[in-house]
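The block underneath contains the structure these notes are about, expressed in C-alpha cells.
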Amino acid sequence: MFLLSGGSELALDVRAVAVLFLGQAVVTAVRGVRIRLSRADSGAAVALALLGQAVLAVDGASRVVVGQRCLLTVPAVLLAAALLPRGVSRCTFLVAIGAQVATSWPVDGPAGAVEGVWPVVATAVAGDVLVPLMRAAADRADRAQRRARDARAAAGREAGRHEAHRHFQGMLHDEVSAALQAISLPGVPVPRLREEASDAVKALEEAPPGPGSGRVDLAALVRALRPPTGTAPAVEAAGTVLVPAEVADAATRAAREALRNVVKHAAARTVQVRLRGGGAPGRTGTERDEGFTLSITDDGTGFAAEELAASSVGLRRSVLRRMEAVGGHAVVRSTPERGTIVRLEWRPPVAAPAAGAEGAVSVGGVPGDTVGRMRAAVGDVRRPLAAVCLPFLVAMGVIAAIHTSRAPDTVPLLVWYVLLASLTVALLLQTEAGIPGTVAGAACAFAVAGALGSLLVLPLSALKDFASWPVGAVTPLLTLLVIVRPAWEALTALALEEVGIVILVATGPPIAPSSGATVAIVLPALFAPALGVITGLVIGRTVAHLGGVTAQAEAARSAALATNAARRAREELHRERLAHLGEEILPFLAAVGSGRCAPGAPGVRDRAGLLASAVRDELHLPGVFDHTVRGLLSAARRAGCVVTIQSDSDDLHPSAFLRLLLTTALTCGPTPREFTLTVNAAASTVDASLVLLPGDERRACALREALTGAGARTDIEYVEVVNSATSTWVEAKVRAP
C-alpha cells in the first residue's frame, strides 16, 4: 500500500507489483480459509517474489523502505516450506534468498543486502524445522491415539463382560433359582409357579442394558411391579422419573427381589412401595437424569441385623450389590416382629472437570488451556515453539552484534539483548510446566522497557533501517507469550511499545522532511514486532483449535468404540452363559410357564430341585458348568452323593481347568459319598481344593495324570494329589483368567 501511495512518481511496473502482491495476499487468505492451499499457491508466491525483486531493483529501489523488500520473499519461503517437498522447498529458499540479495546488493551494498535478508532466512529455518516436526508429531499422535483407542476398547470389553456377568449372576439368583425352588416345593399355587417360570425365561433371554442405552421412566416400571400375593399393597409412583436404562433395570430388579423376600420370609399383611424423584442440583439440560428414592416397607416378621450380615445372597447380592454397581446404594432396616424397610437411592453423578494449567479445565476430554490443546495437536509444544523463536533470536543476535560493533556506545543494548534472549529461552523450556503470570509480566516489562529505552540512546532516524534492531528484538519473547499465556498480556506489552514509539517520534526531532515520509518510516518499524506477535497469535490459536477439535473427536470416537465394545462383550457373555443353561433349564422353565408341564406331575419337583442345585453351582462358579459337567453332577446327586460347591467370589474363574478337575473326578472311579469343591480367588491366582469321600486310588491316579502329566495345562502353577482310604484330596493353584 505504501508503494501504491507513491502515485505517478512510481513506474507502472512497480505499482503493478504492489497490486499483484495485494491480490496474492487476498487470494491466499481466502483459499486458506475457504478451500485449501496447494503447491500452485507456493508457485505463484515464488514467481511474484522473483519478478517483484527484479522490478524493484530496476525502477523502485529508492522508494523501498527497509522491511518492505523482504515482504515479497517471506510469503514465498513460508508457503514453500509448508506445501513443497523438503528438497524442493530448500532449493526454493536458496533461489528466493539469492534473488533478494542480488537485487538489493547494487542499492544497499553487500552489508545492507545481507542484513536485509535476515527475516527471510529466519522464516526459512523456522519453516524447515517446524513443518517436518509437526508432521512427525502428527504421526506419533495418530499412533498414540490408535493405541489409546485399542486400550479403551479392551477396557470397554472387560467392563462389559464384568457388567454382564454381575447382571447374569443377579438374574440367576433372583429369577431362575427362585422359580426352580418354587417349583420344587409343594403347596405353591400353580398360577404363581407358571408366572415365575415365564418371568425367569424372559429375564434369561433379555440382554442387560448398558451405559448409554437411553433414559427410561422408572415411575412407570415401579407402577407395573406385582405386589406379593395375600398382601394389601400400596404403590405410590406419581409423575415421571427419568433415569438411565441400566439404573432403572437395577432398581426394578432390586425392588422385585425385596418383594419376593416378603413372600418368602416376611408373612406380611401390608406392603408399601413408594418412589420419590428429584434431580441433582447444578445440572441443566432439557432432558436430564433424575435422582430417586425407592422404598419397600412391610409389616412382616422382620429379622435381626446379624442375619443380613451373614447372608451371601438374597438382599446382599441382589439388592445391595446391584445398586452399588450403578452408582447408587441401598439400606435395609429390620427389627424382629416389626417389619422391614428396604430403601434404594440413586443420584446422577456430577462430573468434576479436571483442572489444567492456570486453572483451566478439561471438558469432555478436551484440554481447557491453550498449551494443552496444542499438545493434543503436536505433542511437546516446546519443539515447535523453539522452531519459531530460536531462528529469529539468532538472526537478531547477529544484527545486534554488527550494529554494536559500529557503535561501541550501544554495548548496554547488546547486554540487554543477551539477557532478553536468555529469558526467552528459559521461558520456552518452562512452557510444559507452565509460565507463572508474574514471571510473564516481568518479562514483558523488561522487554518493552529495553526497546523503548534504546530509542533514547539511538537516534530516532534509526527507525528507517536495522540500526533500530531493539524495537524488533522483543518479537520472539512476545510471540512465545502470546501463544502460551493469555493473549492480552503480550498484546498489552506490544501496544505499550507501539504507543511509546509513536510518542517518542511525535515529541522528538523530525526524522523525515514530511509527515507522510515520517509515517512511511515509522509504520514498518511498528509492523515489525506486531507482525510476528499477531502471526504467533493466529498460528497458536489455530493449532490449539485444531488440537481441541482433534481431542474432542478422539474422545468421542474412543467413547463410542469403548461403548460398542462393552455392548458386544455384554451380548457375547450373555450368549455364552445362556448357552450353558439353555439345554435343560430354559426348556424346563418354558414348559412350566406355558403349561405344557404340570408342576404336580411325577418327577417334576425332583427335576426342579436338581436344576436348582445346578443354578446354585452356577452362582458359585459362573461359566464353568457345561452340559457334560452339569450332567455328571446331576447323576452324582441322584446316586446320593452330597455335592458341595463353594467360592469366596462369584467372579469368573478358570473354567477350563475347573471343568477338567470336575470331569476327571466324576468319571474315574465309583460315585463318591461326598464331593466338596472350594475355590478361592487371589490377585492373580485361583486356589482350588477338592475333597472326595471315600478315597479311591484309581480316581487319584487319573487326577494326578490329568493335572500333572505331559498334557497338563500350562496355566497350572502348583498341584498336589493325596489319596488315602478315607479321602482323595486335591490342592491346585492356577493363574487367574
Side-chain angles (χ1 to χ4, degrees), residues 25 29 33 67 71 74 78 119 122-123 126 130 356-360 367-374 377 381-382 384-390 392-393 396 416-417 420-421 423-428 430-431 434-455 463 468-506 519 522-548:
V33 172
L71 291 181
V74 166
L78 187 58
T123 301
L130 185 60
E358 295 296 322
D369 60 309
T370 301
V371 174
R373 293 195 298 272
M374 290 181 66
V381 297
R382 292 173 297 183
L385 289 174
V388 171
C389 295
L390 294 185
F392 291 93
L393 285 175
M396 188 60 71
W416 166 80
Y417 179 73
L420 181 66
L423 178 60
T424 303
V425 173
L427 293 180
L428 192 152
Q430 184 67 18
T431 300
I435 300 174
T438 54
V439 174
C444 289
F446 178 73
V448 173
L452 294 178
S454 69
L455 295 180
L463 290 172
S468 62
W469 60 267
V471 173
V474 302
T475 303
L477 174 67
L478 297 184
T479 301
L480 171 66
L481 293 178
V482 83
I483 293 175
V484 302
R485 290 284 309 166
W488 67 266
E489 297 176 355
L491 293 178
T492 300
L494 174 64
L496 291 175
E497 183 190 31
E498 308 277 69
V499 171
I501 292 174
V502 172
I503 292 174
L504 289 173
V505 170
V519 172
V522 173
L523 280 184
L526 298 179
F527 284 152
L531 183 62
V533 174
I534 294 174
T535 301
L537 175 63
V538 172
I539 292 176
R541 291 295 175 89
T542 301
V543 173
H545 170 70
L546 293 176

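Expressed to the nearest 0.5 Å, how far SG of Cys389 lies from CE of Met396 amounts to 12.5 Å. Rounded to the nearest 0.5 angstrom, Leu480 CG and Leu390 CG are separated by 10.0 Å. Atoms CG and CD, on Leu423 and Gln430 in that order, are 11.5 Å from each other to the nearest 0.5 Å. Distance check, rounded to the nearest 0.5 Å: CG of Leu477 to SG of Cys444 gives 6.0 Å. Distance CG/Leu452 to CG/Leu496: 8.5 Å, rounded to 0.5 Å. The line from CG of Leu481 to OG1 of Thr431 is 8.5 Å long, rounded to the nearest 0.5 Å.
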Show, in sequence, the C-alpha distance, side-chain angles and deciding distance for Leu427 and Val484, and conclude whether the side-chain contact (heavy atoms from CB on, under 4.5 Å) test is met. CA-CA 10 Å; Leu427 293 180; Val484 302; over 6 Å; no

Candidate pair Val533 and Leu537, rule side-chain contact (heavy atoms from CB on, under 4.5 Å), full reasoning: CA-CA 6 Å; Val533 174; Leu537 175 63; 5.6 Å; no

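With hydrogens and angles ignored, the 3.5 Å screen pairs no side-chain donor or acceptor of Trp416 with any backbone N or O of Ala451. With hydrogens and angles ignored, the 3.5 Å screen pairs no side-chain donor or acceptor of Arg485 with any backbone N or O of Ala490.
Closest approach of Tyr417 to Leu393, counting heavy atoms only: OH-O, 2.6 Å. What you find for Pro470 and Glu497 is that their closest heavy atoms are O-OE2, 4.5 Å. Of all heavy-atom pairs spanning Leu463 and Ser468, the tightest one is CA-OG, 3.5 Å.
Between Leu526 and Val502 there is a side-chain heavy-atom pair separated by less than 4.5 Å. A heavy-atom distance below 4.5 Å is not found between the side chains of Val448 and Val474. Residues Leu428 and Thr424 have side chains not in contact (no heavy-atom distance under 4.5 Å, counting atoms from C-beta outward).
When the side chain to side chain contact (heavy atoms under 4.5 Å, CB included) test is applied to Thr475, the partners found at least two apart in sequence or on another chain are Thr479, Pro529.
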